[in-house]
Amino acid sequence: MIPAAPRPTQPAAGAPDWKRLWRDAVRDPAELLALLDLAGRVPDLSADAAAQFPLRVPRGFVARMRPGDPHDPLLRQVLPLDAELRPMPGFSLDAVGDGAAKAGAGVIRKYRGRALLIATGSCAIHCRYCFRRHFPYAEETAAAGQWAGAVATIRGDASIDEVLLSGGDPLSLATDKLAELTGPLADVPHLRRLRIHTRLPVVLPERVDAGLLAWLRGLPWPVTVVIHANHAQEFDPAVDAALAGLREAGALLLNQAVLLRGVNDDADALAALSERGHAAGVLPYYLHQLDRVAGAAHFEVDDARALALHAALVARLPGYLVPKLVREVAGDPAKRPLSAPAPHSRG
Ligand SMILES: *Cc1c(COP(=O)(O)O)cnc(C)c1O
Ligand code: SF4
């Protein structure tokens with residue numbers, strides 16, 4: 001039974017510090033498989049793929065995987081496999097045109113009114129399908145001594161009314177670093193909203209501690225937190241508590257998911273994701289068609305199936321539990337809703 005109104009979180013005395021849990025993440029594929037009773041049972045495990053983009057997964061997230069199941073939907077998201085190394089036409093290093101949309105150090109301007117700030121390149125978990133797996137973070141994060149430049153870019157453009165903290169995962173920064181960023185933004189008169197794109201409340205819910213919630217409560221703008229969960233099984237009572245804490249601090253909670261073959265590409269899984277999120281106080285926002293990033297082709301779901309799955313959700317869920325099915329197209333003014341291909345353009 002899922003508690004409809006999880007109790008607010010107060011970290012218990014002696015609760016593990018999130019930074020320690022962060023450092024303690026599983027990084028060795030062999031250890032991960034051993035923890036799941038899968039040693040020697042995943043023949044397509046790839047050391048070379050792990051060398052390109054290392055495995056990283058917090059132990060609390062591993063605990064939500066089903067032992068003995070090599071097809072577990074959480075495991076599939078993090079396991080480095082041979083398929084990543086097969087070159088695929090159409091899958092490239094900068095799939096979403098971020099390289100062309102830079103407005104200044106660590107700031108990406110693609111859409112009207114919104115500036116996306118790459119607060120950090122770090123993530124607590126490494127998702128194999130991630131569109132930023134090849135992004136040159138080391139040079140590009142606003143955190144690398146470049147707060148001032150990013151803030152000046154935002155201050156100098158009165159058309160920006162919303163700042164999105166993104167990354168990487170912006171909540172991987174210590175709370176005092178976040179405050180160093182939002183402090184100088186507080187007196188920018190044209191800013192009206194703050195958004196935080198983060199997977200941490202799901203993959204390392206301990207990050208949502210009393211200090212983070214105090215920072216959130218003190219922000220001068222309405223805050224939207226867009227979490228990222230792809231499967232209902234990613235939620236557990238610790239995640240519920242973290243999300244309840246964020247809501248109590250005044251944040252509006254939305255979820256974005258990526259449609260992933262072998263993870264969530266069936267109507268039951270997608271409906272369960274929306275329903276489980278709702279039980280935790282989160283509404284679905286986007287269901288993304290995969291960005292065509294090199295190494296992720298084996299996760300792709302074709303458009304016709306994606307549209308059929310979306311239609312199945314429309315038929316069975318209340319409208320507010322149906323995410324928008326979109327794709328990011330370089331140069332477009334917004335995420336593009338998927339639509340049925342014109343009859344004569346079918347191959
Ligand atoms: C996705 C994205 C946004 C946010 O788009 P919304 O449709 O407002 O959620 C903003 N900037 C960049 C660069 C993005 O990729
Ligand atoms: S940016 Fe998001 S999707 Fe990419 S690795 Fe980090 S948490 Fe995963």
Side-chain angles (χ1 to χ4, degrees), residues 22 25 52-58 61 74 76-80 84 94-104 106-135 137 140-142 150 153-154 159-173 192-204 207 224-231 234 252 254-260 263 283-291 293 295-296 299 323-337:
W22 177 294
Q52 271 189 13
F53 186 52
L55 173 95
R56 169 178 264 282
V57 53
F61 196 77
L74 278 54
R76 300 313 282 185
Q77 295 180 54
V78 300
L79 203 58
E84 295 176 31
D94 180 12
V96 291
D98 279 356
K102 277 179 234 151
V107 179
I108 298 180
R109 288 293 318 275
K110 276 190 189 168
Y111 304 146
R112 192 176 182 287
R114 285 149 286 176
L116 183 147
L117 221 137
I118 299 179
T120 168
S122 305
C123 290
I125 189 167
H126 287 175
C127 313
R128 307 312 298 177
Y129 51 84
C130 182
F131 73 108
R132 294 190 193 281
R133 62 184 280 167
H134 308 287
F135 199 77
Y137 284 118
E140 297 302 337
T141 72
T153 303
I154 292 161
S159 76
I160 298 172
D161 56 15
E162 178 171 4
V163 167
L164 286 75
L165 303 185
S166 185
D169 198 311
L171 297 190
S172 58
L173 293 175
R192 291 193 300 201
R193 293 182 291 281
L194 184 81
R195 198 187 322 176
I196 303 171
H197 280 188
T198 176
R199 191 147 159 67
L200 269 167
V202 175
V203 301
L204 193 72
R207 173 62 188 98
T224 304
V225 175
V226 182
I227 64 163
H228 171 183
N230 299 313
H231 196 280
E234 292 175 43
L252 177 71
L254 303 173
N255 181 50
Q256 54 182 343
V258 183
L259 184 57
L260 297 166
V263 173
L283 288 180
Y285 182 35
Y286 284 139
L287 177 62
H288 293 272
Q289 265 297 40
L290 188 79
D291 294 316
V293 59
F299 285 115
K324 297 176 221 282
L325 177 63
V326 295
R327 144 168 306 123
E328 184 157 354
V329 180
D332 266 23
K335 310 281 187 249
R336 183 185 293 188

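As the structure lists them, so they are numbered: ligands from 1, and atoms in each ligand from 1.
- A donor-acceptor pair is defined here as one N or O able to donate and one able to accept, closer than 3.5 Å; no such pair exists between the side chain of S122 and the backbone of S172.
- Looking at heavy atoms from C-beta onward, Q77 lies out of side-chain contact with F299 at the 4.5 angstrom threshold.
- Short contacts between ligand 1 and I108, defined as distances under 4.0 Å to a heavy atom of the residue, involve ligand atoms 13 (C).
- Coordination check, H126 versus atom 6 (Fe) of ligand 2: failed, since every N/O/S atom of the residue sits at 2.8 Å or beyond.
- For the pair K110 and ligand 1, the shortest N or O to N or O distance does not fall below 3.5 Å.
- Side-chain atoms of H288 and E328 include no donor-acceptor pair closer than 3.5 Å.
- At least one donor-acceptor pair closer than 3.5 Å links the side chain of N255 to the backbone N or O of A229.
- By the 4.0 Å heavy-atom criterion, I125 is counted among the residues contacting ligand 2.
- In summary, C130 places an N/O/S atom under 2.8 Å from atom 4 (Fe) of ligand 2, meeting the contact criterion.
- The side chain of R195, and not its backbone, has at least one atom closer than 4.0 Å to an atom of ligand 1 (non-hydrogen atoms only; side chain from C-beta on).
- Residue contact check: C123 has heavy atoms under 4.0 Å from atoms 1 (S), 5 (S), 6 (Fe), 7 (S) of ligand 2.
- Annotation for ligand 1: atoms under 4.0 Å from non-hydrogen atoms of Y286 are 6 (P), 7 (O), 9 (O).
- Close contacts of ligand 1 with L164, meaning ligand atoms under 4.0 Å from a residue heavy atom, involve 3 (C), 4 (C), 10 (C).
- When non-hydrogen atoms are compared, ligand 1 lies under 4.0 Å from neither the backbone nor the side chain of R109.
- The contact set between ligand 1 and Y285, taken as ligand atoms under 4.0 Å from a residue heavy atom, comprises 6 (P), 7 (O), 8 (O), 9 (O).
- Set against the non-hydrogen atoms of R199, the atoms of ligand 2 under 4.0 Å away are 7 (S).
- In this structure L252 satisfies the side-chain contact (heavy atoms from CB on, under 4.5 Å) test together with T224, sequence neighbours excluded.
- Between the side chain of H197 and the backbone N or O of S166 there is no donor-acceptor pair closer than 3.5 Å.
- Those atoms of ligand 1 with a heavy atom of Y111 less than 4.0 angstrom away are 1 (C), 2 (C), 3 (C), 4 (C), 5 (O), 10 (C), 11 (N), 14 (C).
- The backbone N or O of L74 sits nowhere less than 3.5 Å from a side-chain atom of R76 that would complete a donor-acceptor pair.
- At a 4.0 Å cut-off, at least one heavy atom of E328 sits close enough to ligand 1 to count as contact.
- The side-chain contact (heavy atoms from CB on, under 4.5 Å) test applied to A25 returns R56, not counting sequence neighbours.
- Those atoms of ligand 2 that come under 4.0 Å of a heavy atom in H228, given as number and element, are 3 (S).
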*Begin from the C-alpha positions of E84 and R128 and carry the test side chain to side chain contact (heavy atoms under 4.5 Å, CB included) through to its verdict.*
CA-CA 8 Å; E84 295 176 31; R128 307 312 298 177; 2.9 Å; yes
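- By the 4.5 Å heavy-atom criterion applied to side chains, C130 and R199 are not counted as neighbours.
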